[in-house]
Protein chains: 2
Amino acid sequence: MKPNIKDIARHAGVSPTTVSRVLNNRGYLSQKTKDKVHQAMKDLNYFPNELARSLFKQKTNLIGLIFPTTSNPFFGELIFHIENSFSSKGYKVLLCNSLNRVDKEMAYLDMLQRNQVDGIVVGAHNRHIRQYESMHLPVVAIDRNLSDSIPVVSSDNYLGGKIATEHLLNKGCQKIIHINGPHELETPANKRREAYEEVMMKEDRSPITYELRESLNKNYTKTVINQLFDEHPDVDGIFASDDLIAAAVISEAKKRGMNIPKELKIIGYDGTESVKTCLPELTTIQQPIQAIAQSAVNVLIQQMGGEKSIENIVLPIQLIKGFTT
Amino acid sequence: MKPNIKDIARHAGVSPTTVSRVLNNRGYLSQKTKDKVHQAMKDLNYFPNELARSLFKQKTNLIGLIFPTTSNPFFGELIFHIENSFSSKGYKVLLCNSLNRVDKEMAYLDMLQRNQVDGIVVGAHNRHIRQYESMHLPVVAIDRNLSDSIPVVSSDNYLGGKIATEHLLNKGCQKIIHINGPHELETPANKRREAYEEVMMKEDRSPITYELRESLNKNYTKTVINQLFDEHPDVDGIFASDDLIAAAVISEAKKRGMNIPKELKIIGYDGTESVKTCLPELTTIQQPIQAIAQSAVNVLIQQMGGEKSIENIVLPIQLIKGFTT
DNA sequence: AATATCATGTCAACGGGTTGACACACCAAA
DNA sequence: TTTGGTGTGTCAACCCGTTGACATGATATT
């Protein structure tokens with residue numbers, strides 16, 4: 001079967017301890033011995049068993065990632081950068097698609113702890129999962145408030161909401177409606193709505209918000225959008241809390257023969273590469289996805305190193321002007 | 001520190017063996033004892049150490065996924081379905097973004113073997129990595145030819161290429177050009193080009209193919225597309241080997257003021273949910289992403305169960321008629 | 001009263017690598 | 001000659017849970 005350290009020792013004519021010393025570069029070693037051992041590892045196609053190492057070292061270099069779904073380009077891109085960054089630092093990544101479902105999220109949390117991950121990056125969270133608080137494990141959240149003791153990395157959602165709303169106002173919209181995801185997701189993204197509402201109030205307009213309770217269900221999204229158009233035929237500005245929603249709005253509006261941006265102006269949120277490629281004309285608020293990933297990784301590594309700074313990190317956003325406003 | 005099985009035993013007033021018996025549901029156990037043990041596990045916040053279990057059992061239930069990048073919606077969606085399916089069957093998934101880079105792919109391969117994965121799903125591969133052949137590990141490939149002994153799951157690329165080309169011909173295109181990814185990726189997707197070329201030849205037209213050597217580089221893609229338009233101002237049909245390329249073509253064509261579909265017809269490939277949301281008007285060949293994922297998972301699990309069937313699986317594709325042709 | 005089944009305990013080996021303690025041999029510098 | 005660095009070996013304990021062997025009661029069945 002698979003060779004172990006003893007097989008290598010035998011084949012190289014040295015002791016198992018020496019092989020271990022070579023693997024970990026400990027103590028005094030002659031070049032000759034190193035070469036012999038490396039040759040033996042090649043000959044026998046040997047791979048050191050990380051399970052055994054991790055077990056002893058009490059460190060796995062394993063990180064859990066909990067996100068709604070890699071299907072969504074925003075998370076897909078975020079996860080790409082996170083994995084990339086961890087990988088370059090010697091960590092490995094266990095992927096969990098929670099689909100915003102409480103049962104899944106809890107099962108994954110359990111699984112990750114059984115597997116002795118060194119830390120977790122969470123970009124998905126349902127209210128009332130209190131596990132995170134009692135967990136003696138480094139955790140960093142992206143765009144979610146998990147508990148007071150867990151640092152959050154996010155972009156400036158309030159400013160993003162403010163800029164988006166103001167942009168529509170500047171473009172002359174009279175009736176602006178906001179569409180966003182499930183409120184029950186305890187996320188700082190709710191600040192986009194807050195900002196929208198406050199800006200509207202300040203301008204003496206009444207804010208109207210449509211909530212997509214199942215943000216991942218496409219047909220449902222369509223239905224709600226059409227409901228919006230039916231209930232507010234005079235809408236001339238829509239601020240969608242993510243680009244895919246904005247895209248759906250555009251496509252429904254086109255079906256109704258509405259002229260964008262003349263009759264209806266639309267601004268989205270996220271600014272992923274995918275959407276920028278497929279829908280380059282979309283005006284949107286771009287999040288610095290790579291920077292968010294980078295920060296999350298850094299914060300988690302800091303925590304794993306023993307530092308207890310619980311400071312949240314807020315990164316800048318940027319208005320990308322397209323042709324839908 | 002973290003409680004172990006002995007701590008649980010002590011706290012529950014039973015022997016460690018009994019705790020293990022409860023965990024694995026082995027031998028005779030009274031309900032009372034089970035309850036005591038479960039209570040103790042709750043009290044102490046205990047998670048059985050999977051490393052130790054895996055080490056002994058010689059099975060990790062860990063699967064490695066090697067793909068170019070989750071940033072690309074096609075892979076993002078594929079990976080989502082794969083992870084989902086594995087997760088429901090009790091497997092965990094280690095994510096690797098190889099970016100189509102040889103060095104990365106090899107490093108990941110090494111890492112996965114050190115971590116004792118039970119199997120690997122590969123959706124990325126560079127020519128001349130011969131590791132796969134000597135690997136004594138279940139492997140399944142998606143859309144890549146790794147070696148004769150590794151089963152490949154893919155959709156019907158030849159038929160897809162044929163249908164796409166014929167569709168453009170039927171729509172009256174006189175000069176059809178094909179754009180695809182790096183030829184050096186040893187992928188059955190090359191059959192799309194083959195089909196394109198054969199259909200063209202049969203119609204007595206000369207096939208023209210543009211190759212994007214770095215399929216993940218956006219600026220480069222743009223450059224090549226513009227080069228294409230400059231070199232072939234009379235092009236009136238483009239078959240892009242994936243939707244993102246098609247999207248880029250559309251956007252460059254629009255910049256040049258070309259009328260789609262009147263002057264230029266475009267068909268893409270993949271038909272991901274993301275692209276269908278962002279660019280619903282795109283005509284494309286849709287791959288059955290979920291079915292591909294499902295098949296890959298099944299084939300791998302079969303292999304891990306000891307079966308040695310090396311049959312390739314080809315799944316049906318579908319023409320989605322939009323408004324770009 | 002004898003036997004079978006149930007319930008639990010003790011003990012040791014095992015999976016594979018790590019590490020500290022200690023011994024021994026060699027070689028070079030002081 | 002002594003001292004100290006270098007190079008390697010032996011050995012045992014450890015990480016944590018699993019498993020098989022074996023023993024001992026308790027309870028139920030015949």
Side-chain angles (χ1 to χ4, degrees), chain A residues 1-41 44-62 110-118 136, chain B residues 1-41 44-62 110-118 136:
Chain A
M1 267 297 295
K2 275 184 198 165
N4 61 26
I5 209 170
K6 280 179 203 156
D7 299 318
I8 302 303
R10 204 175 311 124
H11 191 265
V14 299
S15 72
T17 301
T18 297
V19 177
S20 173
R21 287 202 257 249
V22 172
L23 282 170
N24 297 285
N25 219 350
R26 273 188 328 125
Y28 298 113
L29 290 166
S30 68
Q31 193 55 48
K32 210 178 106 197
T33 302
K34 284 187 200 169
D35 293 343
K36 271 195 300 183
V37 171
H38 284 128
Q39 190 55 49
M41 299 199 297
L44 303 187
N45 202 13
Y46 171 73
F47 295 90
N49 189 322
E50 280 295 328
L51 293 183
R53 291 170 84 124
S54 297
L55 184 57
F56 183 88
K57 294 263 189 74
Q58 297 290 76
K59 171 147 207 241
T60 54
N61 282 333
L62 212 51
D110 184 81
M111 180 276 275
L112 293 176
Q113 292 187 80
R114 288 167 179 266
N115 283 276
Q116 316 292 312
V117 294
D118 290 338
H136 303 294
Chain B
M1 266 298 294
K2 275 185 197 163
N4 60 24
I5 209 170
K6 280 180 202 154
D7 299 318
I8 302 303
R10 205 176 310 125
H11 191 263
V14 299
S15 72
T17 301
T18 297
V19 176
S20 174
R21 287 202 257 252
V22 172
L23 282 170
N24 297 284
N25 219 352
R26 274 190 326 129
Y28 299 112
L29 290 166
S30 69
Q31 194 55 49
K32 211 178 102 196
T33 302
K34 285 186 200 168
D35 293 344
K36 271 195 301 183
V37 171
H38 284 128
Q39 190 55 49
M41 298 199 298
L44 302 187
N45 202 13
Y46 172 74
F47 295 90
N49 188 324
E50 280 296 329
L51 294 184
R53 290 169 85 123
S54 297
L55 184 57
F56 185 87
K57 295 262 188 74
Q58 297 290 76
K59 172 148 206 240
T60 54
N61 283 332
L62 211 52
D110 184 80
M111 181 276 276
L112 293 175
Q113 292 188 78
R114 288 167 179 266
N115 283 276
Q116 316 291 313
V117 294
D118 290 339
H136 304 294

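Sequence lines set the chain letters: A, B, ... in the order given, protein chains first and strands last, and positions in each chain run from 1.
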Lys6(A), NZ: over 12 other non-hydrogen atoms inside 6.0 angstrom: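 Count not over threshold, so no.
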Give the rounded distance in Å between these two atoms: [atom1] of [X] and [atom2] of [N].
X: Leu55(B); N: dC14(C); atom1: CG; atom2: C1'; answer: 9 Å
X: Leu51(A); N: dG17(C); atom1: CG; atom2: P; answer: 10 Å
X: Met41(B); N: dC16(D); atom1: CE; atom2: P; answer: 17 Å
X: Ile8(A); N: dG16(C); atom1: CD1; atom2: P; answer: 12 Å
X: Leu44(A); N: dG16(C); atom1: CG; atom2: P; answer: 14 Å
X: Tyr28(A); N: dC22(C); atom1: OH; atom2: P; answer: 17 Å
X: Leu23(B); N: dG17(D); atom1: CG; atom2: C1'; answer: 9 Å
X: Asn49(B); N: dG17(C); atom1: CG; atom2: C1'; answer: 15 Å

[X] near the nucleic acid: base, sugar-phosphate alone, or nothing, with a heavy-atom cut-off under 4.0 Å?
X: Ser30(B); answer: sugar-phosphate
X: Gln58(B); answer: sugar-phosphate
X: Val14(A); answer: sugar-phosphate
X: Ser20(B); answer: base
X: Lys57(B); answer: sugar-phosphate

Arg21(B) (side chain) and dG17(D) (base): donor-acceptor pair under 3.5 Å: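 Result: no qualifying N/O pair found.
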dC15(D) base / Ser54(A) side chain donor-acceptor hit below 3.5 Å: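 Answer is no: no donor-acceptor pair is held.
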From [options], pick the nucleotide closest to the side chain of [X]?
X: Leu29(A); options: dT5(C), dT8(D), dT10(D); result: dT8(D)
X: Thr33(A); options: dG17(D), dT18(C), dG7(D); result: dG7(D)
X: Asn24(A); options: dG9(D), dT5(C), dT19(C); result: dT19(C)
X: Thr18(B); options: dG17(D), dG9(C), dT19(D); result: dG9(C)
X: Asn4(A); options: dC16(D), dG17(C), dT19(C); result: dG17(C)
X: Phe56(A); options: dG9(D), dG17(C), dG17(D); result: dG17(C)

Contact check, side chains of Leu23(A) and Ile5(A), non-hydrogen atoms, under 4.5 Å: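 When only atoms from C-beta onward are counted, Ile5(A) and Leu23(A) do touch, with a gap below 4.5 Å.
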Heavy-atom side-chain proximity of Lys34(A) to Gln31(A) below 4.5 angstrom: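 In contact.
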OP1 or OP2 of dT19(D) under 4.0 Å from side-chain N/O of Arg26(B):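 True: Arg26(B) side-chain N/O within range (under 4.0 Å) of dT19(D) OP1/OP2.
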Side-chain N or O of Arg53(A) closer than 4.0 Å to phosphate OP1/OP2 of dT18(C):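 Affirmative; the distance criterion is met.
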Donor-acceptor pair between Gln116(B) and Lys2(A) side chains, under 3.5 angstrom: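 Side chains of Gln116(B) and Lys2(A): pair found under 3.5 Å.
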Donor-acceptor pair between Arg53(A) and Asn61(A) side chains, under 3.5 angstrom: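 Absent: no donor and acceptor within the cut-off.
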Lys/Arg N to Asp/Glu carboxylate O, Asp35(B) vs Lys32(B), below 4.0 Å: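 No.
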Residue mapping more 5' on DNA chain C - nearest nucleotide basis, Gly13(B) or Lys6(A):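 It is Gly13(B) whose nearest nucleotide is closer to the 5' end.
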